[in-house]
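Notes to accompany the following structure.
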There are 2 protein chains.
Amino acid sequence: MQVITHSIIMTEKQEKILQSALGLFAKEGYHATSTNKVAKHACVSEGLIFRHFGNKEGLLTSILELGENKIKSLLVDIVMEPDPKEVIRKAIFMSARIDKIDYDFWKLQFKLKWELEVSSDKKMEPLKMALSNAFNKLGYEEPEQEAMLILLFIEGIGSAILKGSNMDANQMMKFLAKKYKI
Amino acid sequence: MQVITHSIIMTEKQEKILQSALGLFAKEGYHATSTNKVAKHACVSEGLIFRHFGNKEGLLTSILELGENKIKSLLVDIVMEPDPKEVIRKAIFMSARIDKIDYDFWKLQFKLKWELEVSSDKKMEPLKMALSNAFNKLGYEEPEQEAMLILLFIEGIGSAILKGSNMDANQMMKFLAKKYKI
DNA sequence: AATAATTAAGTAAGTACTCACATATATTAC
DNA sequence: GTAATATATGTGAGTACTTACTTAATTATT
């Protein structure tokens, strides 16, 4: 039986493999998760993983590619916002818009930055530009530095949320918005 | 031949094992580094690792315990500072005080937070308290939130430095210090 | 009937760790 | 001071298991 995911036709078992792999990679780490473990969790044979995804790395690549739109959909709303104050406000509250369903995907993103040293600097470039422009329009002295600060905040807050930190993330977002008089 | 490291007598080969393991764990990750690889890098037999450290986890534990004072020595200077403005300034510039020699250790700390989900919330508690007190003394409305913001900044900046990010960390620290009129 | 999806046994290599033995160093007896 | 003995340090082959991946056969779908 086939399913359509992100306009891609895949079998039900492919879907299950991806879901299981995402969950286990996010929870335990890429290297610490064996393909045998993924197969068992997905209730398929280990061979099927290699039939569909080529190798373990291909499996990870598929997960990340399928999740690409999650990143884009968070960013596009901010980048396309014309009102500079709204750009900043939306950026500050960006992490609050992460769907709990997608926590595993985001957690994996953070994990991979350290485990596989995948850099995401480039992905954030449009957001950095949008923020710089916003601060510039609002007449801030050093718009690029302000933008970098917001990016650091987003990274830290996102990190805290996904780690299940004690920090009251929502409170922090409101507080920062207030500091920028938004 | 024996050496004294942190008041602990250990053989030259123990020292080499620890150095090699630290470097490889920091660079490639704990799970992605085999004990055979550590042994080869240290120019010792694999059996010697288990002779001295019990098991792979024991090796990691030794590295972290020996590095404990690096964390404390960064924090104690800030926590013991009486002048509230100086507390904040020192906290902002804390990451600049990390010795390049110790980058591997700090990088491993960050990596482990994600790879093994080791939480360091507790370690930062004294710093958070010191910052809260400082902002309180300076009459800030919400000292705890301000303290949390600085902690997020430290985390983000430290992370950027250790990842070799393009960000001008020093410039960012100066900028934030300026925002807090320090 | 052809093709696709799936399985499970198998493969080669890698893994953490053990262990019997070798070597180096320290201690003790004379 | 030296030899014998005890202890510590170190080695590398071996072990049991795990790993990513392959493959021939089976089952399901078209």
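Proteins come first, then strands; the chains are lettered A, B, ... in the order of their sequence lines, and each starts at number 1.
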Output a table of donor-acceptor pairs, distance under 3.5 Å, between side-chain atoms of residues 131-143 of chain A and any protein atom two or more places apart or on a different chain; print 'none' if there are none.
| residue | atom | partner | partner atom | Å |
| --- | --- | --- | --- | --- |
| S132(A) | OG | K128(A) | O | 3.2 |
| N133(A) | ND2 | M129(A) | O | 3.4 |
| E142(A) | OE2 | K178(B) | NZ | 3.1 |

Solution key, residues 145-154 of chain B side-chain donor-acceptor pairs under 3.5 Å, sequence neighbours excluded:
| residue | atom | partner | partner atom | Å |
| --- | --- | --- | --- | --- |
| E146(B) | OE1 | K179(A) | NZ | 2.9 |
| E146(B) | OE1 | Y180(B) | OH | 2.8 |
| E146(B) | OE2 | K179(A) | NZ | 3.1 |

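Atom NZ in K13(B) sits roughly 11 Å away from atom P in dT25(C) (whole-Å rounding). Rounding to whole angstrom units, CG of residue N36(A) and C1' of dT15(C) are separated by 15 Å. E12(B) places its CD atom 15 Å from the P atom of dA24(C), with the value rounded to the nearest Å.
Applying the 4.0 Å criterion to OP1 and OP2 of dT18(D), one finds that K37(A) has every side-chain N and O outside that range. Distances shorter than 4.0 Å separate none of the side-chain N or O atoms of T11(A) from OP1 or OP2 on dA5(C).
Within 6.0 Å of atom CD in E57(A), 12 or fewer heavy atoms from other residues, nucleotides or ligands are found, so the atom counts as exposed in its surroundings. Residue-environment remark: CD (E117(B)) exceeds the threshold of 12 foreign heavy atoms within 6.0 Å.
Taking a 4.0 Å limit (strictly below) on heavy-atom distances, residues 14-27 of chain B does not reach DNA chain C anywhere. Contacts with DNA chain C (heavy atom under 4.0 Å) in residues 38-52 of chain B: E46(B), G47(B), F50(B), listed by number. Within a heavy-atom distance below 4.0 Å of DNA chain D, the residues of residues 54-61 of chain A found are N55(A), K56(A).
Remark: E86(A) engages R89(A) in a salt bridge, criterion side-chain N to carboxylate O under 4.0 Å.
Nearest heavy atoms, Y103(A) versus I161(A): OH-CG2, 3.3 Å.
With sequence neighbours left out, E28(B) forms a salt bridge (Lys or Arg N to Asp or Glu O under 4.0 Å) with K37(B).
Here the straight-line distance linking atom CH2 of W106(A) with atom CG of L162(A) works out to 9.0 Å at 0.5 Å rounding. Atom CD1 of residue I71(B) and atom CG of residue L64(B) lie 8.0 Å apart, to the nearest 0.5 angstrom. D99(A) CG to K70(A) NZ: the interatomic distance, rounded to the nearest 0.5 Å, is 8.0 Å.
Within 4.0 Å of T35(A), counting heavy atoms only, lies at least one base atom of the nucleic acid.
Remark: K107(B) fails to qualify as a cation-pi partner of W114(A) under the 6.0 Å distance and 45° angle criteria applied to the six-membered ring.
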